[in-house]
Amino acid sequence: MNKGEFVDAVAAKGDMSKADAANAVDAVLDAVTDAMKDGDAVTLVGFGTFLVRKREARTGRNPRTGEPLEIAASNVPSFKAGKALKDAVN
């Protein structure tokens, strides 16, 4: 499902226009993104938690040349599914 199909599904479930659904989806995504930029976790009970994990710096290897190289530390977005979502999928 891509974003357009997701907006269509939200419009159908929420009994609203596609424009309103698109605005709602964009607002939710923006709110989650802004919270994660600040390093905060976003927990939606029953659905899951969006969080930022810190990846430490490490030494990697260039697969083409076999030469070692340093990989910088970074922040990685992550999602941990909640119990209700896991149960719904299984």
_Rounded distance (nearest 0.5 Å) linking atom CG of Leu69 with atom CZ of Arg58_ = 9.5 Å

_Rounded to the nearest 0.5 Å, what separates atom CZ in Arg53 from atom OG in Ser74?_
13.0 Å

If you take all heavy atoms of [X] and [Y], which pair is closest and at what distance?
X     : Y     : value
Pro68 : Arg61 : CD-NH1, 3.9 Å
Lys86 : Ala81 : CE-O, 3.4 Å
Ser17 : Ala11 : O-CB, 4.0 Å
Ala21 : Val7  : CB-O, 3.6 Å

Joint cluster assignment, [X] & [Y], ILVMFWY side-chain distance < 4.5 Å:
X     : Y     : answer
Leu29 : Val42 : no
Leu85 : Val45 : no
Met36 : Leu44 : yes

*If you count the non-hydrogen atoms of other residues, nucleotides and ligands that lie under 6.0 Å from CG in Asp15, is the total more than 12?*
no

*If you draw a 6.0 Å radius around CD in Glu67, do more than 12 non-hydrogen atoms from other residues or ligands fall strictly inside?*
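No, the 6.0 Å shell around CD holds no more than 12 heavy atoms from other groups.
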
*Look at Asp26 together with Lys3 and state whether they make a salt bridge at an N to O cut-off of under 4.0 Å.*
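Between Lys3 and Asp26 there is a salt bridge, with a charged N closer than 4.0 Å to a carboxylate O.
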
*Would you check if the side chain of Asp38 reaches a backbone N or O of Asp40 as a donor-acceptor pair within less than 3.5 Å?*
no

_Any non-hydrogen side-chain atom of Ser78 less than 4.5 Å from a side-chain atom of Val76?_
no

_Side-chain touch Glu70/Thr59, heavy atoms, less than 4.5 angstrom_ =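 Glu70 vs Thr59: side chains touch.
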
*ring pair (Phe, Tyr, Trp, His ring centres under 6.0 Å) contacts touching residues 40-61 (sequence neighbours left out)*: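 Residue pairs passing ring pair (Phe, Tyr, Trp, His ring centres under 6.0 Å), neighbours aside: Phe47-Phe79, Phe50-Phe79.
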
